[in-house]
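Here's the structure, in structure tokens; my notes come after.
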2 protein chains.
Amino acid sequence: MAEPARRGVPEATVGRLPGYLRALGQAAERGTPSISSEELAGLAGVRSTQLRKDLSHLGSYGVRGVGYDVAQLSAQIARELGLTQDWPVVIVGLGNLGRALAAYRGFATRGFRVVALVDEDPALVGTAIEGLTVRTLDQLASAGPRVAIGVITTPARSAQQVADRLVAMGVRSILNFAPCLLSVPDGVEVRRVDMATELQILAFHEQRRSLADDHAEETAG
Amino acid sequence: MAEPARRGVPEATVGRLPGYLRALGQAAERGTPSISSEELAGLAGVRSTQLRKDLSHLGSYGVRGVGYDVAQLSAQIARELGLTQDWPVVIVGLGNLGRALAAYRGFATRGFRVVALVDEDPALVGTAIEGLTVRTLDQLASAGPRVAIGVITTPARSAQQVADRLVAMGVRSILNFAPCLLSVPDGVEVRRVDMATELQILAFHEQRRSLADDHAEETAG
DNA sequence: GCGACTTTGTGCCTGCGTTCACAAAGTCGT
DNA sequence: ACGACTTTGTGAACGCAGGCACAAAGTCGC
Ligand SMILES: NC(=O)c1ccc[n+]([C@@H]2O[C@H](COP(=O)([O-])OP(=O)(O)OC[C@H]3O[C@@H](n4cnc5c(N)ncnc54)[C@H](O)[C@@H]3O)[C@@H](O)[C@H]2O)c1
Ligand SMILES: NC(=O)c1ccc[n+]([C@@H]2O[C@H](COP(=O)([O-])OP(=O)(O)OC[C@H]3O[C@@H](n4cnc5c(N)ncnc54)[C@H](O)[C@@H]3O)[C@@H](O)[C@H]2O)c1
């Protein structure tokens, strides 16, 4: 039974698969041909029961008494995530952040290829960054390569219109770095990376700890 | 009753508070003095019932029949998140990403101040970036300002040792951009920002949609 | 002042995700 | 060949989070 409830992978599980893949990469470097759920879970930072349940959702199975074949499980998760093909990516907005992303070699290593760079600044359009010529959205729409995933690194005020243009071009997956909400039609998925939000969550807990510390001092002293 | 189960703010709620704060900022720009949960929820991208339940956890309350006072609610959420004080931040690893973050003006706007920059590259140490002199971790530990939050933008292989050093310096909040797991003692919180993971999740759904489309064509044709 | 209306705050229910406990299945030593 | 041991896969219990329905509370028009 290699194909159980195949179309029912829970979202929470999907969110952990990339982590498992990275952990498997580490395991592969060590040269161990197979790995137990306990050890792999340790590398991925989850409980072994959770790992096993997650893997059970993909119908994958290891060998009882032994563990999982590292190479095989890697391939299976990569296939599940759609990383067997290369996804063409466009980066829109080549400021500080967009340029850092364009220069980042980490994408290419796994299934993603930056095939276009877009900005509206006339001083940038036509110049080459990382071997790619910067274009406008118009140029991309009329004569560019097909892109599957759009990365938005423009200021927040431009993000919505950029998203609209991308959607009109057929892009259904957007990674948004601008600190704002994007409204898109059904069938288009937006994920946000928001460092300000992350910092604020850290600040919340930091403050909670500070208050706890203060209280401890108070009662102790 | 302005203080109910004050220490019981659910984690999921905390994760949405920054979004509410941003939405309130937008509302404030419009000049509306008060706002209904329905409208604010729209700006934040959640359901109004969820917004109200979230706010109820902080003991905050609006005025029935009217809504929430924008300025007051803003202040209350900011206080809850610990943004009334400035949190000193250090950025470790001044490559492409670290430099982009150092140049980013978005942090200062709300409660965070980059007070130190760290790298181990001798070519960088001693130079000035964005008005701050780059130091080593040793220099920061012995003679630097106190930092509350550490941002790690080094390659993955260095991230753990950097985290260990930060923890030894008393840092209890870490934002990690390196694609790896950090192991830290209890009482230290790590949050990760991982673009590769986000892209892989997008790829999963993209692939799922592609397969669905193929199937639709097949049955239609 | 009063009734109609608006909007908040919350108890309850439902669904999802995580953890526990254990049977199934396979390996390894003898 | 067989028994002890290891490890997986999963049914079941539990807890948390989200959404619904509704009462409470206040506003506004007259
Ligand atoms: N730099 C960071 O470290 C950082 C951190 C967190 C969040 N962000 C967010 O990422 C986004 C980009 O940040 P940044 O520092 O790189 O900004 P930036 O101002 O340096 O760059 C923005 C770029 O987008 C281009 N642009 C603007 N409107 C455009 C449009 N309609 N079409 C195409 N290109 C357009 C501009 O020409 C510019 O090159 C912002 O939303 C910012 O809030 C950045
Ligand atoms: N650049 C991106 O767009 C991007 C995107 C996603 C993830 N990341 C991750 O962010 C991290 C940084 O990426 P980058 O492209 O800026 O890398 P980079 O190689 O350009 O920069 C890394 C910097 O860290 C410094 N460093 C290394 N070891 C150190 C140590 N022990 N102490 C102090 N400094 C040290 C190096 O001197 C260098 O300046 C990496 O882990 C990368 O995977 C980057």
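Note: hydrogens, waters and symmetry copies are ignored here, and every other heavy atom, side chains too, is used.
The distance from atom CG of A:Leu73 to atom C1' of D:dG9 is 14 Å, rounded to the nearest whole Å. We find that CG of A:Asp54 is positioned 12 Å from C1' of C:dT19, with the value rounded to whole Å. Distance, A:Leu55 CG to D:dG9 C1': 10 Å, rounded to whole Å. Going from atom NE2 of B:His57 over to atom P of D:dC16 covers 12 Å, rounded to whole Å. Atom CD of A:Glu39 is separated from atom P of D:dT6 by 16 Å (rounded to the nearest Å). At whole-Å resolution of the value, CG in B:Leu40 and C1' in C:dG9 are 16 Å apart. With rounding to whole Å, A:Leu58 atom CG is found 10 Å from D:dG9 atom P. At whole-Å resolution of the value, CD1 in B:Ile35 and C1' in C:dT6 are 16 Å apart.
For the pair B:Tyr68 and C:dG9, the criterion of a side-chain N or O lying under 4.0 Å from OP1 or OP2 is met. At least one side-chain nitrogen or oxygen of B:Ser37 sits closer than 4.0 Å to the OP1 or OP2 atom of C:dT8. Note on A:Arg52: every side-chain N or O is 4.0 Å or more away from OP1 and OP2 of D:dG9. An OP1 or OP2 oxygen of D:dG18 is reached within less than 4.0 angstrom by a side-chain nitrogen or oxygen of B:Arg16.
Of the two residues near DNA chain C, A:Gly65 and A:Gln50, the one whose nearest nucleotide lies more 5' is A:Gln50. Sequence order on DNA chain D of the closest nucleotides to A:Thr49 and A:Val66 puts A:Val66 first from the 5' end. Between A:Pro10 and B:Gly62, it is B:Gly62 whose nearest contact on DNA chain C lies nearer the 5' terminus. DNA chain D is contacted by both B:Arg47 and A:Val63; A:Val63 maps to the nucleotide lying nearer its 5′ end (nearest heavy atom per residue).
Checking side-chain atoms of A:Ser210 against main-chain N and O of A:Glu206 turns up a donor-acceptor pair under 3.5 Å. Judged by distance alone, the side chain of B:Ser36 and the main-chain N or O of B:Glu39 form a donor-acceptor pair under 3.5 Å.
Donor-acceptor pairing under 3.5 Å, judged by distance alone, is absent between the side chain of A:Lys53 and the base of D:dG9. A donor and an acceptor atom sit less than 3.5 Å apart, one in the side chain of B:Arg64 and one in the base of C:dT8.
With contacts defined as side-chain heavy-atom distances shorter than 4.5 Å, the pair B:Gln76/B:Leu81 does not qualify.
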Tell me, with the steps shown, if B:Arg79 and B:Thr84 meet side-chain hydrogen bond (donor to acceptor under 3.5 Å, both in side chains).
CA-CA 6 Å; B:Arg79 193 162 359 107; B:Thr84 48; over 6 Å; no
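Under the 3.5 Å distance criterion, with hydrogens and angles disregarded, a donor-acceptor pair is assigned to the side chains of A:Glu11 and B:His205.
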